[in-house]
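Just so it is clear: chains get the letters A, B, ... in the order the sequence lines come, proteins before strands, and each one is counted from 1.
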Number of protein chains: 2
Amino acid sequence: MSDPIKVLLADDQALVRGALAALLALESDLTVVAEVGRGDEVVDRARESGADVCLLDIEMPGLDGIAAAAAVREALPGVRTLIVTTFGRPGYLRRALEAGASGFVVKDTPARQLAEAVRRVHAGLRVVDPSLATESLVDGANPLTEREREVLRVALDGGTVAAIAARVHLSPGTVRNHLSSAIGKTSTSTRAEAARVARERGWL
Amino acid sequence: MSDPIKVLLADDQALVRGALAALLALESDLTVVAEVGRGDEVVDRARESGADVCLLDIEMPGLDGIAAAAAVREALPGVRTLIVTTFGRPGYLRRALEAGASGFVVKDTPARQLAEAVRRVHAGLRVVDPSLATESLVDGANPLTEREREVLRVALDGGTVAAIAARVHLSPGTVRNHLSSAIGKTSTSTRAEAARVARERGWL
DNA sequence: TCGTGACCGTGACAGCTGTCATCTCCTGGG
DNA sequence: CCCAGGAGATGACAGCTGTCACGGTCACGA
């Protein structure tokens, strides 16, 4: 039998991190060599520990899991990344694959499938949650422009147009134009609704 | 040595559920006797399995963890409940304790403390995340009335006042009055912001 | 019994929002 | 070269929103 697969775990919730470590420790061909709670520590710790596969949550402080996957791709081309996340938003899948992730699994897949996903990714295969793959095709690509996304992200907090304009350094009129455009593209009628829909689809 | 403590796990994410089971299985004095993914299955499965302690996530379909704790308290008075949740919102802690939960732990506590929390709860002790306990006192009680909460919950989706009014069966004018009152109580300036703040504080 | 407060509603008003037309500037195809 | 499209901005307009004042009902405790 060959050497065990070395795994790095990245999740901001310590309890989940420890629990996943316990779960993977049950597999004799896997070994957890590093655990981090922030996205911006992934590359350094992966290098130090000589990890083969990085399990990355998306919601993390410092750097989100998708950006961390891109950073790993850049700095350590031989290391595979597998996104493990709570939210199966179609846009996340697309962006994860664009960032060079080898796999995408949501947190409500059965526990025993996780180890298998790690093995497949390590073997150079792609692992994609099948239910999401189809949904991703149906939803199509992200229609929002960069500025529209930026404005919508700020609009999530719920402030007035004037407050949004101040935070993105634009004129209030321009902000309203971008919001109006985003409202149209999301088939909604208020900016709060548009922001919610865009977030749910992983467009932000 | 006495019999192991029988634990029921409730979390809507199968991966987290399985991982927590693996984590607790490392402790020789604990045994996971049931796992459920919905709040409304907790009481039945706890009864069947003869669980001593129920670990409950808050975000669950069917019945949320706090309501599930109340249901367990009602149907199985001898069974202790321990809330294990992602969000350390002060209002959640208060409501959890009011619902009869014996403990409240957030998911970024260290993994090894979970088993200890289970033991303490089983022994009849209260376990409360210390950082939250103080924060809960600072924030004070939920100042929103029942109607204000209802209107704010619907307002989270971001629709117009007319849409909210239709969903709660009130006149648009009344909805605006409730929203205005809620905006004042949250020290915000728009209903979207008020809804966000109220949700973050666990007031909804 | 009275006062208090939650609740529901109406009407009015200032201000904010969403939409549209229009303009300029810049960039990347064809 | 010209054109399309993103970005930034302005002005106008109808409609929506947040606020306030006011009136009414009901339940609860003093």
Side-chain angles (χ1 to χ4, degrees), chain A residues 91 94-95 98 139-204, chain B residues 91 94-95 98 139-204:
Chain A
R94 178 188 323 276
R95 282 163 51 202
E98 283 169 0
D139 262 33
N142 184 342
L144 301 176
T145 69
E146 172 56 33
R147 270 292 181 276
E148 284 161 3
R149 288 205 302 276
E150 182 180 3
V151 171
L152 274 187
R153 274 194 296 270
V154 177
L156 277 176
D157 285 349
T160 64
V161 168
I164 297 172
R167 283 173 62 184
V168 296
H169 306 296
L170 289 175
S171 104
T174 302
V175 168
R176 286 199 283 159
N177 285 338
H178 286 309
L179 288 174
S180 183
S181 172
I183 288 171
K185 288 176 179 175
T186 51
S187 305
T188 53
S189 55
T190 68
R191 64 177 181 282
E193 211 173 346
R196 181 179 59 83
V197 168
R199 187 189 52 198
E200 284 172 1
R201 295 190 185 162
W203 287 352
L204 306 185
Chain B
R94 178 190 323 275
R95 282 161 51 201
E98 284 169 0
D139 262 34
N142 185 341
L144 302 175
T145 69
E146 172 57 32
R147 269 293 183 273
E148 285 161 1
R149 289 204 302 276
E150 182 181 2
V151 171
L152 275 187
R153 273 194 297 269
V154 177
L156 278 176
D157 285 349
T160 64
V161 167
I164 297 172
R167 283 173 62 184
V168 298
H169 307 295
L170 288 175
S171 104
T174 303
V175 168
R176 287 199 282 158
N177 285 338
H178 286 309
L179 287 174
S180 182
S181 172
I183 288 170
K185 288 176 179 175
T186 51
S187 304
T188 53
S189 55
T190 69
R191 64 174 180 281
E193 209 173 348
R196 181 179 59 82
V197 167
R199 187 188 52 200
E200 284 172 0
R201 296 191 183 160
W203 287 352
L204 304 185

Undergrad: Just so I know, are the side chains of Trp203(B) and Thr186(B) near enough to count as touching, which here means a heavy-atom distance under 4.5 Å?
TA: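 Answer yes - side chains close enough.
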Undergrad: Just how far, in rounded Å, is C1' of dT19(C) from NZ of Lys185(A)?
TA: 16 Å
Undergrad: If each of Leu170(B) and Arg176(B) is mapped to the nucleotide of DNA chain C with the nearest heavy atom, which maps nearer the 5' terminus, i.e. the 5' end?
TA: Leu170(B)
Undergrad: Report yes if at least one side-chain N or O of Arg147(A) is closer than 4.0 Å to OP1 or OP2 of dG8(D); otherwise report no.
TA: yes
Undergrad: Closer to the 5' end of DNA chain C via nearest nucleotide, is it Thr188(A) or Glu148(B)?
TA: Glu148(B)
Undergrad: Once you round it to whole Å, what is the distance between P of dC16(D) and CD1 of Ile164(B)?
TA: 14 Å
Undergrad: Whole-Å distance between dC16(C) P and Glu193(B) CD?
TA: 14 Å
Undergrad: Can you tell me whether the side chain of Asn177(B) and the base of dC8(C) have a donor-acceptor pair closer than 3.5 Å?
TA: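 Donor-acceptor pair under 3.5 Å: no.
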Undergrad: Taking only the side-chain nitrogens and oxygens of Ser180(A), find out if one of them lies under 4.0 Å from OP1 or OP2 of dT19(C).
TA: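 Yes, Ser180(A) has a side-chain N/O under 4.0 Å of OP1/OP2 on dT19(C).
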Undergrad: Between Leu144(A) and Lys185(A), is any pair of side-chain heavy atoms under 4.5 Å apart?
TA: yes
Undergrad: dC8(C) phosphate, OP1 or OP2: any side-chain N/O from His178(B) under 4.0 angstrom?
TA: yes
Undergrad: Between Glu150(A) and Arg153(A), does at least one N-O distance fall below 4.0 Å, as a salt bridge requires?
TA: no
Undergrad: Does Thr174(A) put a side-chain nitrogen or oxygen below 4.0 Å from OP1 or OP2 of dA9(D)?
TA: yes
Undergrad: Let me know the distance between CG of Leu179(A) and C1' of dA9(D), rounded to the nearest Å.
TA: 15 Å
Undergrad: Would one find a side-chain N or O of Thr145(A) under 4.0 angstrom from OP1 or OP2 of dA7(D)?
TA: yes
Undergrad: Under a 4.0 Å threshold between the charged nitrogen and the carboxylate oxygen, would Arg95(A) count as salt-bridged to Glu98(A)?
TA: no
Undergrad: Report yes if at least one side-chain N or O of Ser171(A) is closer than 4.0 Å to OP1 or OP2 of dT10(D); otherwise report no.
TA: yes
Undergrad: Can you list everything that forms a side-chain contact (heavy atoms from CB on, under 4.5 Å) with Glu200(B)? Sequence neighbours excluded, please.
TA: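 Partners of Glu200(B) under the side-chain contact (heavy atoms from CB on, under 4.5 Å) test: Arg196(B).
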Undergrad: Taking 4.0 Å as the cut-off, does a side-chain nitrogen or oxygen of Arg191(B) come that near to OP1 or OP2 on dT17(D)?
TA: yes
